[in-house]
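Take a look at the structure below.
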Amino acid sequence: QVQLVESGGGLVQAGGSLRLSCAPSRRTFSDYATGWFRQAPGKEREFVATIDWSGSTTYYVNSVKGRFTISRDNAKNTVYLQMNGLKPEDTAVYYCAARLLPIATIFSDQYEYWGQGTQVTVSS
């Protein structure tokens, strides 16, 4: 079992930046593809970004391309989501997810492990 812990959420003004971090509570997940998803109030959870085990392949939802960057430091056993140019519509709970395969995927049902989420609020 892998427990994921997210951190780095908070309140920021539009145009600001935040960096989210995701790390497993115990074991390493350097062999796992990892993704970020978000869920805004009253909306379904949506894919944000994903990265393969090596960090060489990434995918993003169109609405965050050019503003968000997903990366990983396997030596630190951590995956990051750098969010720049934040907009009020980015407000959501952000979830980290890991899958037991090294290949990245945008589909949430292909991830076996999920964190508890971290709140990101962007004020206008």
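Nothing fancy with the numbering, it's 1 onward along the sequence.
Tested against Tyr111, the residues Trp36, Tyr32, Phe37 include a single ring pair (Phe, Tyr, Trp, His ring centres under 6.0 Å) partner, Phe37. Between Tyr59 and the options Ile106, Ile70, Thr105, a side chain to side chain contact (heavy atoms under 4.5 Å, CB included) holds for only Ile106.
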Solution key, residues 117-124 side-chain donor-acceptor pairs under 3.5 Å, sequence neighbours excluded:
unit_1, atom_1, unit_2, atom_2, d
Thr118, OG1, Gly9, N, 3.3
Gln119, NE2, Ala92, O, 3.4
Gln119, NE2, Thr121, OG1, 3.3

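Here the side chain of Asp73 pairs no donor or acceptor atom with the backbone of Asn77 at under 3.5 angstrom.
Annotation: Glu112, atom CD; neighbour count of heavy atoms from other residues, nucleotides and ligands within 6.0 Å is above 12. Gln116 CD: 12 or fewer foreign heavy atoms inside a 6.0 Å radius.
For the atom pair CE (Met83) and OH (Tyr94), the distance works out to 5.5 Å, reported to the nearest 0.5 Å.
Sorted by first and then second residue, the salt bridge (charged side-chain N to carboxylate O under 4.0 Å, His left out) pairs with a member in residues 75-91 read Arg38-Asp90, Arg67-Asp90; sequence neighbours excluded. Counting only residues at least two apart or in different chains, side-chain hydrogen bond (donor to acceptor under 3.5 Å, both in side chains) contacts with residues 8-24 comprise Ser17-Asn84.
Residues Phe68 and Leu81 have side chains in contact (heavy-atom distance under 4.5 Å, counting atoms from C-beta outward). In this structure, Thr50 and Thr58 have side chains that are not in contact, with every pair of non-hydrogen atoms separated by 4.5 Å or more. Between Arg72 and Thr34 there is a side-chain heavy-atom pair separated by less than 4.5 Å. For the pair Trp114 and Gln3, the minimum side-chain heavy-atom distance is 4.5 Å or more.
Between Asp52 and Pro102 the shortest heavy-atom distance is CB-O, 3.2 Å. Closest non-hydrogen pair, Ala49 versus Tyr60, comes out as CB-CD2, 3.6 Å. Closest heavy-atom contact between Ala14 and Pro88: CB-CD, 4.1 Å.
Leu4 and Leu18 fall within a single hydrophobic cluster, where Ile, Leu, Val, Met, Phe, Trp and Tyr side chains are chained together by heavy-atom contacts under 4.5 Å.
Cation-pi contact between Arg99 and Trp53: absent, since separation from the ring centre below 6.0 Å together with deviation from the ring axis within 45° is not met.
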